[in-house]
There are 2 protein chains.
Amino acid sequence: MDDSRQADAPRRIKSVQTASEILATIQRRSDPTFGDLCDELDASKGTVHTYLATLEDEGFVVKSDGHYRLGFRFVTMGETVRNETDLYRAGQLEVDKLAEQTSEYVHLTVSYRGKEVTMYESRGDNAIAMDYHLRMREAPQYLHCTSTGKAMLSHFNESRVRDIIDEQGLAEQTENTITDPEHLFRELEQIREQGYAINDEEELRGMRSIGAPIRGVDGDVSGAVSVTAPTSRLSGERFHTEIPELVMQAANIIEVNLETTVFERNR
Amino acid sequence: MDDSRQADAPRRIKSVQTASEILATIQRRSDPTFGDLCDELDASKGTVHTYLATLEDEGFVVKSDGHYRLGFRFVTMGETVRNETDLYRAGQLEVDKLAEQTSEYVHLTVSYRGKEVTMYESRGDNAIAMDYHLRMREAPQYLHCTSTGKAMLSHFNESRVRDIIDEQGLAEQTENTITDPEHLFRELEQIREQGYAINDEEELRGMRSIGAPIRGVDGDVSGAVSVTAPTSRLSGERFHTEIPELVMQAANIIEVNLETTVFERNR
DNA sequence: AGTACGCGTTTGGAATTCACAAACATAACG
DNA sequence: CGTTATGTTTGTGAATTCCAAACGCGTACT
């Protein structure tokens with residue numbers, strides 16, 4: 001037979017990749033049955049069965065009356081990740097405060113592999129529960145169409161932004177989404193100057209948000225905070241002055257907290 | 001060589017078990033280096049290396065300056081699990097309310113494999129941030145020494161409780177922890193009668209809590225809520241009447257929400 | 001009732017992957 | 001500059017994985 005391993009491709013454990021794919025599939029299609037998974041997974045029934053049994057043993061998957069779901073082990077492990085993330089420890093209380101001040105949704109996010117992940121979310125009194133917000137935390141989001149994302153991008157160097165565009169594209173989420181790279185670069189420059197980014201129905205129709213970057217000790221961006229609300233509640237002075245001020249203040253306080261957090265950890 | 005597979009042991013994927021063990025080790029020892037992992041993992045350096053590279057590719061692990069941590073993928077997957085858990089959807093708002101009413105920590109937990117996992121936590125104004133609470137959500141906890149745990153146990157049938165005791169033991173967390181099975185059974189009966197459970201410094205010195213079970217449509221326990229506070233703030237009337245009332249009310253409302261949630265999902 | 005069918009589980013055995021060991025880089029010391 | 005500590009790559013025997021096919025079981029259909 002041919003030497004199927006690529007000459008200089010580094011070695012990987014194929015079974016782990018397979019398991020990862022199975023988990024991703026379970027996450028994507030919620031509540032799949034055994035059959036659903038077999039269809040989607042080009043592997044024989046027997047193989048899929050053995051993987052699922054193993055993942056169930058390990059707590060990564062739960063089977064209940066024929067349907068598979070991700071197991072509670074992800075809850076505890078996700079919690080560990082958050083608690084070990086400096087930004088979360090430094091920002092959590094401040095995000096709660098900002099949510100109270102504005103009465104709206106506040107998000108704390110980090111960039112990860114060209115997308116962003118929500119580390120914490122706090123809901124002010126006006127913010128009604130929305131399925132959208134739930135789903136948003138279930139998968140990494142694009143950076144080019146959120147206020148936090150653009151706030152972070154504005155402090156990456158140009159080549160890094162270009163790489164991200166190449167890899168992720170500039171998906172048109174709404175008619176306001178920026179889909180032209182040069183347009184994006186111009187806006188990033190403006191964001192850098194004014195210190196905050198706005199998202200004017202670029203991600204979701206009817207929703208605006210304002211985000212500011214959080215820079216770490218070394219000057220690198222380590223995350224961003226944002227306030228999100230329906231267009232009707234976020235316009236005029238409030239949209240262009242008040243909220244941006246509050247968001248930037250919060251970001252600044254988190255930056256300071258972050259320095260002491262990191263300092264204490266390295267002590 | 002001998003036929004190493006056990007005659008009637010069901011088949012599993014060994015590589016997935018190995019990967020799971022590596023992840024557990026990273027979680028247990030925070031920030032381990034490559035060397036740390038090799039010591040702890042009886043596998044050759046080369047093997048450990050290949051696994052870590054694979055897990056990093058898949059987003060389950062992050063390497064930064066020589067230290068390994070769990071990756072952000074756990075955050076998004078954990079979020080998916082929570083959002084798909086009926087109890088969380090049904091109970092979240094009610095837990096927030098209870099936290100506001102009492103000004104203390106409120107927990108929403110589910111039982112899982114003889115232990116309990118915190119699905120949601122809300123902090124009232126009096127509740128100061130404590131490392132203890134962070135860590136508590138990072139691993140499943142024992143059922144016999146928490147108010148939520150005992151509340152859930154009180155509605156399991158006896159043989160199930162015995163199985164859990166056999167498997168998990170009755171670890172003595174403080175001098176107040178119940179370590180005698182018969183003592184536990186007597187208390188569970190009392191809990192069943194009065195409708196709520198108390199934890200009087202049985203898990204952690206100086207901390208009391210009050211928990212009530214949440215029963216699902218089919219009568220099975222699907223979780224529990226609790227209020228936790230320092231002994232100084234939880235005594236007398238407040239400990240024996242006021243808070244138990246509030247906790248039981250909250251549990252009851254969540255039960256109702258749960259019915260409609262489940263009903264809507266099955267529609 | 002009988003039988004065909006769908007669905008999930010188990011099993012034999014060939015093909016592939018895994019995992020050890022040892023060699024190889026690379027960085028960190030004296 | 002040699003020596004140790006640490007991390008990465010590679011060759012190869014041994015063990016695992018994975019397909020295909022058979023099996024069990026409950027259900028729908030005749």
Side-chain angles (χ1 to χ4, degrees), chain A residues 1-26 29-71 266, chain B residues 1-26 29-71 266:
Chain A
M1 300 293 158
D2 73 345
D3 177 22
S4 68
R5 195 184 310 296
Q6 295 287 344
D8 58 353
R11 244 180 247 198
R12 295 289 117 108
I13 305 293
K14 202 190 143 203
S15 305
V16 171
Q17 295 176 323
T18 306
S20 168
E21 202 186 322
I22 292 177
L23 292 170
T25 308
I26 295 176
R29 313 179 38 110
S30 27
D31 254 12
T33 65
F34 179 79
D36 294 340
L37 290 171
C38 288
D39 297 344
E40 202 136 346
L41 279 171
D42 71 338
S44 72
K45 287 193 296 179
T47 303
V48 173
H49 181 84
T50 311
Y51 273 91
L52 287 171
T54 311
L55 289 168
E56 191 179 8
D57 272 6
E58 300 296 326
F60 289 122
V61 150
V62 179
K63 175 168 61 173
S64 74
D65 55 54
H67 291 264
Y68 287 88
R69 327 180 141 211
L70 300 180
N266 291 341
Chain B
M1 295 298 154
D2 73 345
D3 175 22
S4 70
R5 194 185 308 296
Q6 296 287 341
D8 58 354
R11 247 180 245 198
R12 295 290 116 108
I13 305 291
K14 204 189 143 202
S15 304
V16 172
Q17 295 176 322
T18 306
S20 168
E21 202 186 323
I22 292 176
L23 291 170
T25 308
I26 295 176
R29 314 180 38 112
S30 33
D31 254 11
T33 64
F34 179 79
D36 294 341
L37 290 171
C38 289
D39 297 346
E40 203 137 342
L41 279 171
D42 69 339
S44 73
K45 287 194 296 179
T47 303
V48 173
H49 182 86
T50 311
Y51 273 90
L52 287 170
T54 310
L55 289 168
E56 191 179 8
D57 271 5
E58 300 295 326
F60 289 122
V61 150
V62 178
K63 173 167 66 174
S64 73
D65 54 54
H67 291 264
Y68 287 90
R69 324 180 143 213
L70 301 180
N266 291 342

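Just so we're on the same page: letters track the sequence lines, and every chain starts at 1.
Closest of all the heavy-atom pairs between Val62(A) and Gly71(A) is CG2-CA, 3.6 Å. Between Leu70(B) and Leu23(B), the closest heavy-atom pair is CD2-O, 3.8 Å. Taking each heavy atom of Asp31(B) and Arg69(B) in turn, the nearest pair found is OD1-NE, 2.9 Å.
Across its full length, the helix from dA1(C)-dT30(D) to dA28(C)-dT3(D) shows an angle of 30° between the axes of its 5 terminal pairs at either end, rounded to 10 degrees.
Distance CZ (Arg12(B)) to C1' (dT9(C)): 11 Å, rounded to an integer number of Å. The CD1 atom of Ile13(B) sits 8 Å away from the C1' atom of dT16(D) (whole-angstrom rounding). When rounded to the nearest whole Å, the span between CD of Gln17(B) and C1' of dA15(D) equals 14 Å. Residue Leu37(B) contributes atom CG, which lies 12 Å from atom P of dT8(D) at whole-angstrom precision. When rounded to the nearest whole Å, the span between CZ of Phe34(A) and P of dG24(D) equals 18 Å. For the pair Leu52(B) CG and dA19(C) C1', the computed distance is 14 Å after rounding to whole Å.
Judged by distance alone, the side chain of Thr18(A) and the main-chain N or O of Lys14(A) form a donor-acceptor pair under 3.5 Å. Using a distance-only test at 3.5 Å, with no hydrogens or angles considered, a donor-acceptor pair links the side chain of Thr25(B) to the main chain of Glu21(B). Put simply, the side chain of Thr54(A) gets close to the backbone of Ile13(B): a donor and an acceptor are under 3.5 Å apart.
Sequence order on DNA chain C of the closest nucleotides to Ser15(A) and His49(A) puts His49(A) first from the 5' end.
Residues satisfying the salt bridge (Lys or Arg N to Asp or Glu O under 4.0 Å) criterion with Glu40(B), sequence neighbours excluded, are Arg28(B), Arg29(B). Applying the ring-ring contact (aromatic ring centres under 6.0 Å, His included) test to Tyr51(A) and every residue at least two apart in sequence or in another chain returns nothing. Applying the side chain to side chain contact (heavy atoms under 4.5 Å, CB included) criterion to Asp57(B), with sequence neighbours excluded, gives Arg12(A).
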- prompt: Between Thr50(B) and Thr47(B), does a side-chain contact (heavy atoms from CB on, under 4.5 Å) hold up when you go through it step by step?
  reply: CA-CA 5 Å; Thr50(B) 311; Thr47(B) 303; 5.8 Å; no

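Under the 30°/60° scheme for interplanar angles, the aromatic rings of His49(A) and Phe34(A) are found to stand perpendicular.
Using a 4.0 Å cut-off on heavy atoms, the residues of residues 57-67 of chain A that approach DNA chain C are Lys63(A), listed by number.
The side chain of Tyr51(B) contributes no N or O atom lying less than 4.0 Å from OP1 or OP2 of dC18(C).
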Check nucleotides 20-29 of chain C against the protein and report each pair of N or O atoms closer than 3.5 Å, with its distance, or say if there are none.
from    : atom 1 : to       : atom 2 : distance (Å)
dC20(C) : OP2    : Ser44(B) : N      : 2.8
dC20(C) : OP2    : Ser44(B) : OG     : 2.9
dC20(C) : OP2    : Thr47(B) : OG1    : 2.8

